[in-house]
Every structure is written in C-alpha cells, then in structure tokens.
Amino acid sequence: MINNNLKTGAFIVPTGIGASIGGFAGDAGAYARKFAKYTNLIVNPNVVNAGGFSAITDSMLYVEGYSLDLFFKGEINLVPSENNKIGIIYDKAIPQDVLNVHINTQNAVKVVYGIDIEGYEITEEDVGVEFYVDNSGISVGNVKNIKTIGKSCEKLLAKGCNAIAIVCLFDDAEEDNPEYANGQGVDPVGGVEAILSHYISKYYNVPCAHSPAFKTFQIDSDLINPKSASEYITPTFLPCILLGLAQAPKLSKDLSIGINVKDVDFLVMPHNSLGAIPVFECVKRNIPVYAILENSTVLDVNAQSLGLQEQIIEVSTYEDCLRRIIEG
C-alpha cells in the first residue's frame, strides 16, 4: 500500500465539530481521494466513512483518533497491513431484528469484498450510550458501561482478531440535530463515537472504528442534502468501517518497523480546529501544517489564536494545498 517514491501525509477532519467539509457523511472523501492519488495518506475514519459506502483507497492508512495522537507523539509506528482479521462487537441492547440486519450486512461485505471477518461477540451487558450537542455546538456524550466492550474485545483478540469494529445502540439522533439532514450543524453522534473507539485504542492497541445502530432502520424517502445523503440510504453504517479496518495499519510500539512520525511530510487540517496533538507535534518537528480556509468548524482555534502564524501555512482550498504539496 505504501509507495516509497511518494510523500506521506495526514489528512484529518476531527469528528463532531461541525466541519463544513467532512462534518457529515463521507463528504471529505472526494477531497482525500485526490490527495491519495499523489501521496501516501493517513486519514481518520471520519474522513472516509460514508455509511454503506467508503472513500478509502489502497494508498490510505485508516487510523482512529487516539492512535493518531500516539503516532504523532512518536509513541507508536504504523505498519501497513492488508486483509486484517476483523472482530465485531455488538451492543447487547441492540434489538434482534436490528442485529439481524447488521449480521446480514457483515456477511454481505465479507462475500463481496473478501474481507476477513472472524466473527462477532455480543456484550454481556448493555453499553448505555448517551449523546448530545453541548452549548458550544460540539457533539459530546457518555458511555455508562464501557468496560463491557472491553470484555468482548478480549474474547475477539483471543480468537486471533487484529482489528475491532464496534456497533452500539443509539437513540434516534434526529431530535438532537434536525438540520443535519440539510447539510448544516453538527453530527450529534460523532463525539461519543470517539469515546468508544478511543477506549479500545488506548487499552488494546489495535485498529478500531465505531458504527451506530438505531432501532429505526427503514430508509427514508425524503430528499436531503447530498452531504448527508449516504447515511440516509442504508439501514446500517457498518460497511464503511469494515472496509477501512480491512486495510488499517497495525499499531506497533516497536519504532524500528513501519512508518514513524519522522516520515510524515505534511498535515492538512480545517483552518480553525488546530488545537490538536497532531498539529502541535508537527509544529515541534518542523513538519508543514496546512490550514484549509474553505473548511470551517464550530471551533475557533486558528493559527492566529495559537500564535503560530509563522509555522502554520494557511491556504484557501484543498485544491491549492494539494498543488503546493505536489510542486514542493
């Protein structure tokens, strides 16, 4: 998957902060795919996940947010991998009819794409996911019983799985953000999804991603904004995370193998969501950071507010950024 003749960079759009590009349903994917034609590209799941679709390509490295932070701090390396053995954790709270649809989905993905899905475990107890959008407009939430996910993860790892998909039951999200379908506002489930995946990354050091399950899985026939459309035409969001996890890099504490942060040539971020570990680590290591002005979020953390105008490169569009990277 890695072409040593190409630059290696990271294209990140944090989840749950209302990014105008990448804050909906795979709507940053087309932008990332252009970068991936010319570079080896590290992406967080939010960039390419699109419900029943995925924008993932062979030259992308699919890495969850907590692991991204460890990578940029130089604590782990990314070891390119193909056809990972995926284990799926299902929340006990998921009703049987909804669970059946998800199992049919995983089996379809396995047959069509040849993905190695080793099996699944149902948690011993309800996970208890709560989510909401706070007063600042950021998606947040709580998980009442996160350790039950860990127990299921341990069972799957014991079976030889080396990548973990998590599917938890969520209440209907429409009441928390009715404008999401219109391509506005914040994905209300993004923040708590990060909590779930961070937990597995932190304690088990394996690639992981989360997909929500809802009691209502019928497809809505209302016309909605194209940026949100991919989540409204599928009964489950499981395919995209399975496609990403199938080729997600292994996470190695052995810094003599794989890709190290020293190998990174650039980082691309929305212009006002720069208060993140990857940004600070890149600045410290003199790795170019590109802040994309066409991509705004509900945050207000830009180069000026951080006092990093000299270190961070502001560019108007993703297209302009890619041109600079290719020509540089």
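Just the heavy atoms: all of them, side chains too, but no hydrogens, waters or symmetry mates, feed the values below. Bear in mind the structure is a predicted one, so any value in this text is a computation, not a measurement.
Heavy atoms from other residues, nucleotides or ligands lying under 6.0 Å from CD1 of Ile219 number more than 12. Crowding of Glu310 atom CD: a count of heavy atoms from other residues, nucleotides or ligands under 6.0 Å not exceeding 12. Other residues, nucleotides and ligands place more than 12 heavy atoms under 6.0 Å from the NZ atom of Lys159. In the displayed structure, Tyr203 atom OH is contacted under 6.0 Å by at most 12 heavy atoms of other residues, nucleotides or ligands. Counting non-hydrogen atoms of other residues, nucleotides and ligands closer than 6.0 Å to CD of Gln309 gives a total above 12.
Applying the ring pair (Phe, Tyr, Trp, His ring centres under 6.0 Å) criterion to Tyr318, with sequence neighbours excluded, gives Phe11, Tyr31. The ring pair (Phe, Tyr, Trp, His ring centres under 6.0 Å) search around Tyr90 returns Tyr120, not counting sequence neighbours. Take Tyr204 and apply the ring pair (Phe, Tyr, Trp, His ring centres under 6.0 Å) test, not counting sequence neighbours, and it matches no residue. For Asp263, there are no salt bridge (Lys or Arg N to Asp or Glu O under 4.0 Å) partners two or more places apart in sequence or in a different chain. With sequence neighbours excluded, no residue forms a ring pair (Phe, Tyr, Trp, His ring centres under 6.0 Å) with Phe71. Residues meeting the side chain to side chain contact (heavy atoms under 4.5 Å, CB included) test with Ala55, sequence neighbours left out: Arg33, Val48.
Between Phe266 and Phe35, the ring planes lie tilted relative to each other; the angle falls in the 30° to 60° range.
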Using a 3.5 Å cut-off and no angle test, enumerate the donor-acceptor pairs between side-chain atoms of residues 108-117 and protein atoms at least two apart in sequence or in another chain.
{"unit_1": "Lys110", "atom_1": "NZ", "unit_2": "Ile117", "atom_2": "O", "d": "3.2"}
{"unit_1": "Asp116", "atom_1": "OD2", "unit_2": "Lys85", "atom_2": "NZ", "d": "3.2"}

Anything under 3.5 Å between a donor and an acceptor, one on a side chain of residues 267-282, the other on a protein residue two or more places apart or in another chain? List them.
{"unit_1": "His271", "atom_1": "NE2", "unit_2": "Ser296", "atom_2": "OG", "d": "3.0"}
{"unit_1": "Asn272", "atom_1": "OD1", "unit_2": "Thr297", "atom_2": "N", "d": "2.9"}
{"unit_1": "Asn272", "atom_1": "OD1", "unit_2": "Thr297", "atom_2": "OG1", "d": "3.1"}
{"unit_1": "Asn272", "atom_1": "ND2", "unit_2": "Thr297", "atom_2": "O", "d": "3.3"}
{"unit_1": "Asn272", "atom_1": "ND2", "unit_2": "Leu299", "atom_2": "O", "d": "2.9"}
{"unit_1": "Glu281", "atom_1": "OE1", "unit_2": "Lys284", "atom_2": "NZ", "d": "3.2"}
{"unit_1": "Glu281", "atom_1": "OE1", "unit_2": "Arg285", "atom_2": "NE", "d": "3.4"}
{"unit_1": "Glu281", "atom_1": "OE1", "unit_2": "Arg285", "atom_2": "NH2", "d": "3.4"}
{"unit_1": "Glu281", "atom_1": "OE2", "unit_2": "Lys284", "atom_2": "NZ", "d": "3.4"}

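A donor and an acceptor atom, one from each side chain of Asp320 and Thr317, are located under 3.5 Å apart. Side-chain contact, Asn40 with Ser59: no donor N or O sits under 3.5 Å from an acceptor N or O.
For the pair Asp27 (side chain) and Gly22 (backbone), a donor-acceptor distance under 3.5 Å is present. In this structure, His210 contributes its side chain and Cys168 its backbone to a donor-acceptor pair below 3.5 Å. The backbone N or O of Ser20 lies less than 3.5 Å from a partner atom in the side chain of Asn295, making a donor-acceptor pair. Panel note: side chain Asn205, backbone Leu251; a donor-acceptor pair is recorded below 3.5 Å.
By the 4.5 Å side-chain criterion applied to Ile, Leu, Val, Met, Phe, Trp and Tyr, Phe53 is assigned to a cluster that also includes Ile233. Counting side-chain heavy-atom gaps under 4.5 Å among Ile, Leu, Val, Met, Phe, Trp and Tyr, the cluster of Ile257 also holds Val79.
Sequence neighbours left out, not one pair with a member in residues 229-258 passes salt bridge (Lys or Arg N to Asp or Glu O under 4.0 Å). The side-chain hydrogen bond (donor to acceptor under 3.5 Å, both in side chains) contacts involving residues 160-169 comprise nothing, where partners must be two or more places apart or lie in separate chains.
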Apply side-chain contact (heavy atoms from CB on, under 4.5 Å) to the pair Gln106 and Ile88, showing each step before the final yes or no. CA-CA 9 Å; Gln106 78 175 50; Ile88 305 175; 3.2 Å; yes

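Screening Ile164, Ile86, Val206 for a side chain to side chain contact (heavy atoms under 4.5 Å, CB included) involving Leu156 leaves a single residue, Ile164.
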